[in-house]
Amino acid sequence: MNDFKQRVDELIEKINKASYEYYALDDPTITDQEYDDIYNELLRIEEKYPELKREDSPTNRVGGKALDKFEKVTHQSPMLSFDDIFNEDEINAFDQRIKKVIKNPTYTVEPKMDGLSGSLIYEKGILKRAATRGDGVVGEDITENVKTIKSVPLKLTKEIDIEVRGEIYMSKLSFERANRDKKAKGEKEFANPRNAAAGSIRQLDSKITATRGLDFMAYFIPNPENYNLKSQHESLNFLKELGFKTNYKLNGLVKNAKEIDIFISELASKRPDLPFPIDGIVLKVDNLEDEKKLGFTARVPRWGIAYKFPAVEVLTTLKEIKFTVGRTGKITPNAIFNPVHVDGSLVGKATLHNEDYCIEKDVRVGDIISIRKAGDVIPEVVEVKLDRRESNSEEFKMIEKCPICDTKLIKKDANHYCPNNNCPARHIEGLIHFASRDAMNIEGFGDSIIEDFYNIGYLKEVTDFYHLEKYEDSLTILEGFGEKSITNLLNSIENSKSNSLERLIFALGIRYVGKKIAKVIASHFENMDNLLNTDYESLRNIPEIGDKIAKSIIDYIKNENNIKLINSLKELNLNMNYLGKKVEENELFSGKTFVLTGSLTIYTRDEAKELIESFGGKCTDSVSKKTTAVIVGDNPGSKYEKAKALGIEIWSEKEFKEKLNNKSI
Ligand code: IVH
């Protein structure tokens, strides 16, 4: 046994060394076969002698038991981020600002990894806890998931206690693979590597995370003085020594704005060939004494800043303008172009919104157009390269008839609509909406599967979801549908029957009734019958409901077909009751707007928010004249300053608690 224990130690050491060389240094010294052999030997010993399995064994990386939820964890010190800047002038201004305090500053310049930040806690060199940033004060415990990331050392080279921060990200290769998998399963693809990383690290089942190929780049030690480090570049070297992946080949040291500009343009030219996504650079004053002198503003460190690359514009050829029909019958022209890579994802389509937009941009089939990602996610057509236009191009012309059912379109404001309530396109979109995540949340139904089922005739209206089990046998022959996925799908359909009322209200697709309003209505009326028996006046008495929404709801509930549909759903045993907490009317909170700032100690942010909402109030992110009161925790930020400046009521967390306790008086 002792021999095996010694062998386990030897194998772990070998595997850790090999992983470090492969994942962190990108410089392997053993072959994949040799690696597999030692890994399998370790696995065999651990299977035979489970008591020899070490906490930091690399075999722990495959993922463990699925969780019910993520626990909340309070960070040892707030996880801040830097202010963003976008151009050379702002870089200059930053350099000047620093030079007012520090005579001859040196800056580290690092690629800004495009993922999400994470904090890792090691005790005596062993990974004990990993957390997301969350709101900066409280994050979520993602330890099991982080353990599956191969470049995260489970054991450091030194037996020290340390917190390490860095970016959890997805390489371009893993991103493409994840999206290929999603596509094959008929699931919605990730919009970009950042969303893919965030979605993958927030999986309750770490076995799924393990398949996604996430990565971790270390870049920050919150308490460098504990390890006698004198500068950020020493911190980065120390992280590498401890076994972390760092950007040691790309990071640099510079002295002034000019050198920063050079670093940026060099990095920008390397960007397309880098294996991971970056969206700018991060600049940090290198010397830690200097950092201390500069300190923090109410919100962010003064000693660093993040420069974001301008959105990349890519040229391509407009092949077609394709019109689609939405759930409400709205017609949308879409630009279909030769697919191009923009900021890490392949895009071939962008919305052109409506006729006016097309005319204003003067888009024509055959044009060379430039594409970029608006808000980093949604592709948009920036402009037409008029100088490259073919002389025989034809002006955009809006269609007059529905592309699906040929009904003559009608125009309302800037938009065209198909007025045919029985237009198949409207039905398909309605079915997709019904099953979607925020509505009935029927998992396993990609848009294209719904379309296929509609075309085959399995799904014509929403009640058909609940008859699908009839086709269980025929479903197995459909491409991409294994027995397990059919069982999962049917289970998910069955589970959706017990959703709380607000999901059903949203799923029905009543015009102007989004997710939020659906919740307001559900909690107000408590059950479907009360809603069906309401009138315009009663609806208008609800603070969040204005004329347009009230009219739309009344139109919906007075329509016989809709009543029939709801009755059928009732007969199918769908839950028609609100299962959340009742919104109690309370004059201190009802209809009022609150902002939370600083770190709360009595409640978590989510709890405080939920309490406010359960008494009829709402929470927003920013302070304005419309804010009723700002609830202030420890170390409040700029929102507190702004509230004071605007003369808005300020409640301490204790006062907030007292008001909640008195609420029923
Ligand atoms: S340092 C006090 N270094 O960009 C801020 N951040 O605002 C400590 N990021 O939210 C962060 N690459 O998620 C740092 N090399 C890098 C980074 C980096 C990406 C992210 C980080 C943070 C934001 C900076």
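Numbering starts at 1 and runs along the sequence shown. When a ligand or atom number is given, it counts from 1 through the structure's own listing order.
For ligand 1, the polar-atom distance check against Phe82 finds a nitrogen or oxygen pair separated by under 3.5 Å. On a distance-only criterion, Arg133 and ligand 1 share no N/O pair closer than 3.5 Å. At least one N or O atom of Glu167 sits closer than 3.5 Å to an N or O atom of ligand 1. For a threshold of 3.5 Å applied to N or O pairs, the pair formed by Lys284 and ligand 1 contains at least one separation below that value.
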Verdict with supporting geometry, Ile278 and Arg271, side-chain contact (heavy atoms from CB on, under 4.5 Å): CA-CA 7 Å; Ile278 61 171; Arg271 186 181 181 196; 3.9 Å; yes

ring-ring contact (aromatic ring centres under 6.0 Å, His included) evaluation trace for Phe589 with Phe594: CA-CA 9 Å; Phe589 295 97; Phe594 299 85; 5.4 Å; yes

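Scanning all protein heavy atoms for the shortest distance to atom 10 (O) of ligand 1 gives Ser81 CB, 3.4 Å. Atom 19 (C) of ligand 1 has Met113 N, 3.1 Å as its closest protein atom, hydrogens excluded (heavy atom only). In this structure, atom 5 (C) of ligand 1 lies nearest to the protein heavy atom Leu80 O, 3.4 Å.
In summary, the atoms of ligand 1 found under 4.0 Å from a heavy atom of Glu110, numbered by their order in the structure, are 3 (N), 15 (N), 16 (C). Atom numbering of ligand 1 starts at 1 in the shown order; those under 4.0 Å from a heavy atom of Pro111 are 12 (N), 15 (N). Set against the non-hydrogen atoms of Pro301, the atoms of ligand 1 under 4.0 Å away are 2 (C).
Among Ile262, Asn251, Ile281, Leu253, the one residue that satisfies the side chain to side chain contact (heavy atoms under 4.5 Å, CB included) test with Val109 is Ile281.
Ligand 1 lies out of reach of Met217, whose nearest heavy atom is not under 4.0 Å from it. In this structure, Gly115 does not count as a contact residue of ligand 1, since none of its heavy atoms falls inside 4.0 Å of the ligand.
For the pair Lys240 and Tyr248, the cation-pi criterion (under 6.0 Å, within 45° of the ring axis) is fulfilled.
Side-chain rings of Phe244 and Tyr122 approach one another, their centers coming within less than 6.0 Å.
Using modelled atom types and a 3.5 Å distance limit, the side chains of Thr29 and Glu21 yield a donor-acceptor pair.
Counting only distance, with no hydrogens or angles, the side chain of Glu176 and the backbone of Leu173 share no donor-acceptor pair below 3.5 Å. Side-chain atoms of Arg302 come within 3.5 Å of backbone atoms of Leu294 as a donor-acceptor pair (strictly under, hydrogens ignored).
Between Arg437 and Asn441 the shortest heavy-atom distance is O-CB, 3.3 Å.
Across Phe296, Tyr219, Trp303, Tyr169, heavy-atom proximity to atom 14 (C) of ligand 1 is greatest for Tyr219.
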